[in-house]
Amino acid sequence: MEYNFSEIEKKWQQRWTAEGSYKVTNDPSRPKCYVLDMFPYPSGSGLHVGHPLGYIASDIYARYKRLKGFNVLHTMGYDAFGLPAEQYAIDHGIHPAVSTDDNITNFRQQLDNIGFCYDWDRSFRTSDPSYYKWTQWIFLQLFESWYDRKAGKARPLTALLELFAAAGNTAHQCPGDPSIRFDAAAWNSYDNRRQQEILMNYRLAYCGYGEVNWCEALGTVLANDEVIAGVSERGGYPVVKKKLRQWYLRITDYADRLLEGLGTVEYSDAMKEMQTNWIGKSFGAEIDFAIYKAPPDKKLRVYTTRPDTLFGVDFMVIAPEHELISTITSAEQRPAIDEYLAYVNSRSERERMAEKKITGCFTGAYAIHPFNGLHIPIWTSEYVLAGYGTGAIMAVPCGDERDFKFAQYFQLPVTNIIGDQYNGLEANPTKDAILQNSDFLDGLVMKDAIVIAIKKLEEKGIGTRKVNYRMRDAAFSRQRYWGEPFPITWESDERGEGQSLIATPLDESQLPLELPHVEKYGPGPEGEGPLANVAAWTARHLETNTMPGYAGSSWYFLRYMDPHNDQEFCSRAASDYWGQVDLYIGGTEHAVGHLLYSRMWTKFLYDRGWIGHEEPYKRLVNQGMIQGSSRFVYRVELKAKPAEMNSQGKPALLGSNNPIFVSSGIAAMEGTPEYHQLITLAVREIFNDPGIELESITLTPLHVDVNIVDGVELDIEAFKKWRSEYANAEFILEDGKYTCGVEVEKMSKRLYNTVNPNDLVTKYGADTYRMYEMFLGPVEQSKPWDTKGIEGVHRFLRKLWRLFYDETKGQVWTTAPASQEEWKCIYRTIKKTGDATERFSFNTGVSALMIGVNELIDLKCHKKEILEKLVIILTPYAPHVSEELWRLLGNEGSVLDAPYPAVEEKYLVESAKNYPIAINGKTRTELTIDLDATQQQVEDIVLADDTVKKWLEGKPPKKVVYVKNRMINVVI
RNA sequence: GCGAGUGUGGCGAAAUUGGCAGACGCACCAGACUUAGGAUCUGGAGCCGUAAGGCGUGUAGGUUCGAGUCCUAUCACUCGCACCA
């Protein structure tokens, strides 16, 4: 009876499904564990071996926790809405609903093959109306809520209305526009249109005009995290700034709590760092500078984190978009400024990013230093961004690199306020220097001076302490088809003014607002979404934008807890039971996008009392990326010398019809005489013509499908079949083999370096495949895929099988009682495997199992009472073979619910230890000594040893270091 | 430029706290069984050296009885951010 993995796996997958073995119930009487994968966008190219890495890790952990007695929630769904799905559909001319369907079918089949323990009854896709009904519902709650900064939490808008009616907004500054101020009387006098305008500036989901990242090629706006270096993350198309009406999430109001929350979760430091940087909190001051010869109410307000350098200011720089620029520019500078602004306008975001040259222009205006009255020239330059701080800075060239370069370029004088800490050649951004030339700050260390400067500025009423964030409110609308429609209609106000439409929420009873099926989903008119082309849609005055991809993924983890509830997004009982996700596994690419948004939504739902916890993911593990290991063949095109001219008198091109490939070792010699000679000889043989002389050789490396390469050796027959044009290819070999070149690249179909899990499962089985992915190395680590080692893991499972059944002898397991040594072996294995699984060190978990099996083979142990424990601890890693063996041993229930064996420590305690004996730190010998030996006993034993005596050469040792249960070191 | 991370045999890696460096596996070598072996089993193996022994965790220092692990400097690679005042 041999290990027939394909039969075993098929059998158990069917039975587990039929028996509902993975069905999870919300059972508050049992301890819970929630293990979640970042759900995939079902791409058209299906899964390659890189994708399941995290899924296998979480599956092992989920199964392990189940054996440990936890009620484990583990399920899977699809992030089906969004730009990639729509783009794929457009590229392939298939409706996104159809392509998404097809892709999901394919994904599901691939996932099922690997044997995951998902409760598929809880699965959904974000594009299901029954799901996005609740995405829309949460959006409406965001729309109807504001952030009460005093209370530090979101509250319903109705509470704000009461506050306004009673006391205006004096106690609750308007987050959207701080200049909006009114008392109760004013509020009550406003008409509905004005009141709605004001409320829009408070809503957590709001609509406004703003500079957005507009991508013409994709025909939509993108969030900041979807734009990389001036081009779109998807497709790499140019992105420009454009003013458009957009929906936003007021995530900036959650900036502080998103930062604080990082202290309560277990994410990697790198992940926390990325989020912290993205939020970009900085502490500083806003300072008002009077402008020379300007009316006193026209002040130049700058933001600085270094108010201590106030006396080092040599010039001011304002952003080209700054509102003051038109009013302060002097007559003689006007032409230069106009020209400069035109130049800035002509530059795309991309150009600015790519070529960072120093540009700028003097406005002709001067600011007045509030303490020494000096006149400070005001410049404008691209390097000051309109969107951050006040869009204006005070430039301190001796302390800031950019200011310094600017000063140098325009030959502006530099004031030194830090003495010999400034060398005149570059700026020194230190905070530790002692200030000079700084009036009341003289003699202070800079970091202490910051506080003092702010205090003085506040006293004089020309500055205030100010916290700034780099993070902007998140753009929340897309001018695309394949997303959740906004449950919003645009109603004209009571005066029927077409220009001032009021965003009006649909009633909850009208949800879900279903996405209409359309045949064509091209862009609508004037930057509007495709829905603007749907007459039935526009007739209802419905919002024509759709929500971005991250809307549905911001709360999906809650839906798994209560997936079929059509009264609520998730009952409070369900979310209270399952609580936080205990383990969340996914890639780093979602570090700032998805994770920040879902953290914000969770905090919001918590604020409003719908759930009881405010951080969604307690522990986050980022699986590494599996890179592709590409293989290359080297094609040569050869030009023969004139002696070989053909009938037309042109040099013959050899290898253009029947391609010729040289092995990588030969290709590597390119350019050497040996290379030329070797190829010439080979070509003479191929064409059976000893007269051929080559004039030139052109070498082209080409990607070849990794699946027809064994290690680096090309399967030539498979290669000829791979492409019809290679059917008659010729090969110049090395040692009778064709060796391919190797390079590590991203895994992608285009590079022919993808490996499909299905192929490996067919060849070795799901259990082998699962274990091999884990055996590759730590989950968090990125590494190139290499199929080579999978045989070793497969061999392990076959060796395991032979502990139970032998090909010739049949059953070899017995019910004989186990020996002391066998117990010791199994308990050691249980301990090591369990510990490894607990700390996500799945590669060492696999190796602990291998060691255990090797030892049991050495012990010739075939005892049921030992083997059945082994089978249980193997279950998380290789569930199919474990279940099969478990049943063959005569057990009744499923191994999936067997109790994880406890470690009996008594079998593991030792009375003596084989100590390494080191001389001066170098191990020279070993001695077995009782664990409770005293220092004196140890010294006596060690010094009597022949090897030690030899090294001592008769002299007494300086010292004998004895660390119990570790080692012994003799110092000479 | 700034921030984070990683450097260990031919290869993937291991070494929870400073205590036998290289577990486990791949590839490799030798042998056994075989008509055969890309099956299976047994054994070998970091490098140099016949051996004794020496050298070994990117490089150079340091702390320590003892360093892959801690400290300082430096190099290389990977990732993230990139005019954020």
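Order of the sequence lines sets the chain letters (A, B, ...), proteins ahead of strands, with each chain counted from 1. Only this structure's heavy atoms are used, side chains among them; waters, hydrogens and symmetry mates stay out.
- In this view, A:V755 and A:V49, A:V706, A:N707, A:L760, A:W785, A:T787 satisfy the side-chain contact (heavy atoms from CB on, under 4.5 Å) rule, not counting sequence neighbours.
- Remark: A:F406 pairs with A:F315, A:W379, A:Y383, A:F410 by the ring-ring contact (aromatic ring centres under 6.0 Å, His included) rule, at least two apart or across chains.
- Applying the ring-ring contact (aromatic ring centres under 6.0 Å, His included) test to A:F311 and every residue at least two apart in sequence or in another chain returns A:H369, A:F371, A:F440.
- Every ring-ring contact (aromatic ring centres under 6.0 Å, His included) that A:Y3 has, sequence neighbours left out, goes to A:F5, A:W801.
- For residues 962-972 of chain A, the set of pairs meeting the side-chain hydrogen bond (donor to acceptor under 3.5 Å, both in side chains) definition, not counting sequence neighbours, is empty.
- Between the P atoms of B:G54 and B:A67, the separation comes to 15 Å (whole Å).
- In this view, A:E713 satisfies the salt bridge (Lys or Arg N to Asp or Glu O under 4.0 Å) rule with no residue, not counting sequence neighbours.
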Please tabulate the protein-to-nucleotide N/O contacts below 3.5 Å involving nucleotides 2-6 of chain B, giving atom names and distances.
{"unit_1": "B:G3", "atom_1": "O2'", "unit_2": "A:E273", "atom_2": "OE2", "d": "2.7"}

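- Partners of A:Y764 according to the ring-ring contact (aromatic ring centres under 6.0 Å, His included) rule, which considers only residues two or more places apart in sequence or in another chain, are A:H794.
- Sorted by first then second residue, the salt bridge (charged side-chain N to carboxylate O under 4.0 Å, His left out) pairs that include residues 310-320 of chain A, not counting sequence neighbours, number zero.
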Its contact letters, B for base, S for sugar-phosphate only and - for none at protein heavy atoms under 4.0 Å, make nucleotides 15-30 of chain B read SBB-BBS-BBSS----
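- For RNA chain B, each stem of at least three Watson-Crick or G-U pairs (distances under 3.5 Å) is given as range with range: B:1-7 with B:75-81, B:10-12 with B:24-26, B:28-32 with B:40-44, B:46-48 with B:53-55, B:58-62 with B:70-74.
- If you measure from atom CD of A:Q627 to atom P of B:G12, you get 12 Å, rounded to the nearest angstrom.
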For nucleotides 46-53 of chain B, tabulate all protein N/O to nucleotide N/O atom pairs closer than 3.5 Å, reporting atom names and distance.
{"unit_1": "B:G53", "atom_1": "OP1", "unit_2": "A:K950", "atom_2": "NZ", "d": "3.0"}

